[in-house]
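Following: one structure in structure tokens, then a few remarks.
In what follows, chains carry the letters A, B, and so on, assigned in the order in which the sequence lines appear, proteins first and then strands, with residues in each chain numbered from 1. Hydrogens, waters and symmetry mates play no part in the numbers below; they use all other heavy atoms, side chains included.
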Protein chains: 2
Amino acid sequence: MASRKIRNMEEFAEVSGISRPTVSKYFNDPESVRKSTRARIEEALETYDYRPNIYAMNQNRRLTKNIGIVVPYLADPFFAEIARVIENHVIEAGYRPILLSSHGDTTQEIENLDSLRTIRPAGVLMAPLGRASDRTALEDFCKSVPTIMFDSYISGLGDAFVGHDNELSTELICDYLCRSGEPPAFFEMRTPTNPNAYRRRNTYVSTMEKLGHDPHLIQVEGDDWEFERIGMEGGMKVISEHNLPSNTILCSNDRLAIGLLAAAYQKGLRVGHGAGCALRIAGHDNHPWSQFACPPLTTVSQDYSAIAARSVELLMGVIESGERPESHEEIFFEGKLFMRESA
Amino acid sequence: MASRKIRNMEEFAEVSGISRPTVSKYFNDPESVRKSTRARIEEALETYDYRPNIYAMNQNRRLTKNIGIVVPYLADPFFAEIARVIENHVIEAGYRPILLSSHGDTTQEIENLDSLRTIRPAGVLMAPLGRASDRTALEDFCKSVPTIMFDSYISGLGDAFVGHDNELSTELICDYLCRSGEPPAFFEMRTPTNPNAYRRRNTYVSTMEKLGHDPHLIQVEGDDWEFERIGMEGGMKVISEHNLPSNTILCSNDRLAIGLLAAAYQKGLRVGHGAGCALRIAGHDNHPWSQFACPPLTTVSQDYSAIAARSVELLMGVIESGERPESHEEIFFEGKLFMRESA
DNA sequence: GTAAAAACTTTGCGGGCGTAAAAATTTACG
DNA sequence: CGTAAATTTTTACGCCCGCAAAGTTTTTAC
């Protein structure tokens, strides 16, 4: 049926036989109206296609249904994946996700926050750049918008933090590597932007000392998010100069490890734990690519689906309670060891 | 100075000494007011921090400044990269990018279009899923919103298409492979979702025939976007069954090739063009990962920065002219050969 | 210096919806 | 069946800005 064009809520209210304020209430929360009313509205919704003007809604509501999601670098499939899962949870909760990437850039991160401010989001889920973040700008933002931080821990920021237990996972893989061969050296960026990297480094050092081994740090240069390149170029240099302190290398993350694998390949070093292998290489994160590396990468996973679910859950709690929490909750999820061929 | 809080454009107009309609005009397009007026507004903008309410603006403007960007699968760094470049161009042009991913799913693609409809975008840049797309839904959308399609060619859809010249690039790499060794077999998904894949297959076949060789298709199963897994599992099978018709394999894209590399590695086949190598493998796209594969992947690039720039340029043309073009322009950019160690 | 053009001001309307308060209706429950 | 509670209707206002028309001022051009 070529039914009448509905221009606004007034007209829709008319054809559905319900008053406009009640219809408005329905669209704000379908559960807030009587079942019989809901049925009549939904019936009308099926014959006439009408959707409230989102701009008019957002202009007048105290709170929009927008949830900002900010990740530091979207071209990294890890963040793309976690963002996707978060998006789904947000939609599930009846909100509208707005995905922004900081592209590894401080200015962009601040612009993202500015951009979010103009859309007055109900809340924000943010994985900050880390060291490169402008702490003052973030603090300022968190004051005005309920914000849950995830992935990168920056102390005290936001209403809560949800992330990965780097201490536990680093200990786990150090233990494994020491048990199964030569104690590892630690391969990392000299000045990583991500705070997780510092925690992994520190835990590596303390675990090695606990196990009675000398820790060795291999620190390569690089300050952008092209970790594979940084790992490869740094790796080429270290291998060329015969500066490998051990035949076992634990990398700060999988992307660096993939770069190091490429370097080893090009230098003719066979990687693995089998006979005839010159080098063992392990990573951290169980990155989507790690299982397709040559050889497949031994690593320790992040429980990103738990991180995503819990972050959204916490944010919803803050939003729906209507008040900011006094305490700053911090939640860390455990990783699991993935033993593959590389170490 | 703890200056007066500005609540709306009325108040801002007052403190800036300019009338509200003129201020409104300024925010719509700063160039549209006299230089002296612009200076006074911008001066006021520095002491008072005011930004127009974006919802009120969008509600009342004939056209919003929103530009939708839809990609089929954001966890693929190729799309993440091209989306980033497009975003920048869009911002540069004074518009507001809204990035959406279809996550490889038809339903999600339709939902993205629905979601875009509610925000009444000035235009949309869309890379469709391809075969999995709901053509009717896309056509319907394109009728109501100026849309430029990119990457995946679906005939006649949208106001224009911008993409990669698959014929030329496939010919290029076929030529190279034939010239430098055994003629290649073609490794692909049996029923790829992406139309580019079909073009590459057809061009492979015709090029081989032109060069006087028998074409061989190796078609593996899989219908999602986890190309590495599909390539690896398919590759393992083919290698196990000794079904490789040539020692040279041209893959339909780099991600499949990376999967095939992993399979070859695990089967103990040395890949490369040097002495002692059992297999040559080449890809297509010059994917961000391809240079870090073991060995680095020989491939042919897509000129994604040209594709991004041109897409935005065309869309701006349509938007700013205010009328939809009659002809359906189709633009294809050339790729370049990247000779690395894998073939 | 003058006329025309351009830019600005004033005034006023309209968009589509949230929300509040009082009145009317429906439902629940004994 | 009657009453209280829950829900809906009616009425009215407000949000913040785009836009248009008519009148005024400033700039440009000759």
Review point. For B:Lys25 and B:Gln59, take the nucleotide of DNA chain C holding the closest heavy atom to each; which residue's nucleotide lies nearer the 5' end?
Key: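 Nearer the 5' end of the strand: B:Lys25.
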Exercise for review: Nearest-nucleotide wise, let me know which of B:Ala56 and B:Val33 is further upstream toward the 5' end of DNA chain C.
Suggested key: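 That would be B:Val33.
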Round to a whole Å and report the spacing from [atom1] of [X] to [atom2] of [N].
X       : N      : atom1 : atom2 : value
B:Glu14 : C:dT10 : CD    : P     : 11 Å
B:Tyr26 : D:dC19 : OH    : P     : 18 Å
A:Arg38 : D:dT8  : CZ    : C1'   : 15 Å
B:Lys35 : C:dA7  : NZ    : P     : 13 Å
A:Arg34 : D:dA5  : CZ    : P     : 17 Å
B:Arg51 : D:dC16 : CZ    : C1'   : 16 Å
B:Phe12 : D:dC15 : CZ    : P     : 20 Å
B:Arg40 : C:dC8  : CZ    : P     : 10 Å

Check your understanding: Can you list the steps and then say if B:Phe161 with B:Tyr153 is a ring-ring contact (aromatic ring centres under 6.0 Å, His included)?
Key -> CA-CA 7 Å; B:Phe161 172 81; B:Tyr153 181 79; 5.0 Å; yes
Of all the choices, [options], which nucleotide is nearest to the side chain of [X] once you look at every atom?
X       : options                : value
B:Met57 : D:dG18, C:dC17, C:dT26 : D:dG18
B:Asn53 : C:dC17, D:dC17, D:dT9  : D:dC17
A:Asn8  : D:dT9, C:dT10, C:dG16  : C:dG16

**Study point:** Polar side-chain atom of A:Ser133 near backbone of A:Leu129 as donor-acceptor pair, under 3.5 Å
**Key:**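 At least one qualifying donor-acceptor pair exists.
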May I ask you to verify if any side-chain N or O of [X] is less than 4.0 angstrom from the OP1 or OP2 atom of [N]?
X       : N      : result
B:Ser19 : C:dT9  : yes
A:Thr37 : D:dT8  : yes
A:Arg62 : C:dA20 : yes
B:Tyr50 : D:dC17 : yes

Considering only heavy atoms and no angle criterion, is a donor-acceptor pair shorter than 3.5 Å present between the side chain of [X] and the base of [N]?
X       : N      : result
A:Arg20 : C:dG16 : no
B:Arg61 : C:dG15 : no
B:Asn60 : D:dC17 : yes

**Study point:** Ion pair check, B:Arg40 and B:Glu43, cut-off under 4.0 Å
**Key:**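 No, this pair does not count.
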Check your understanding: Are B:Glu87 and B:Arg84 ion-paired here, with the side-chain N under 4.0 Å from a carboxylate O?
Key ->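 Between B:Arg84 and B:Glu87 there is no salt bridge, as every charged N stays at least 4.0 Å from the carboxylate O atoms.
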Look at all strands and tell whether [X] reaches a base, only sugar-phosphate, or nothing, counting heavy atoms closer than 4.0 Å.
X       : answer
A:Pro52 : sugar-phosphate
B:Ser24 : sugar-phosphate
A:Asn58 : nothing

Review point. So which nucleotide does D:dC30 pair with, by the Watson-Crick or G-U wobble rule with both distances under 3.5 Å?
Key: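 Pairing partner, where one exists within any strand: C:dG1.
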**Study point:** Between A:Thr22 and A:Arg34: side-chain donor-acceptor atoms closer than 3.5 Å
**Key:**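 Side chains of A:Thr22 and A:Arg34: no pair found under 3.5 Å.
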Point to revise | Parallel, tilted or perpendicular: ring planes of B:Tyr50 versus B:Phe27, cut at 30 and 60 degrees | key: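 Because their plane-to-plane angle is over 60°, the rings of B:Tyr50 and B:Phe27 count as perpendicular.
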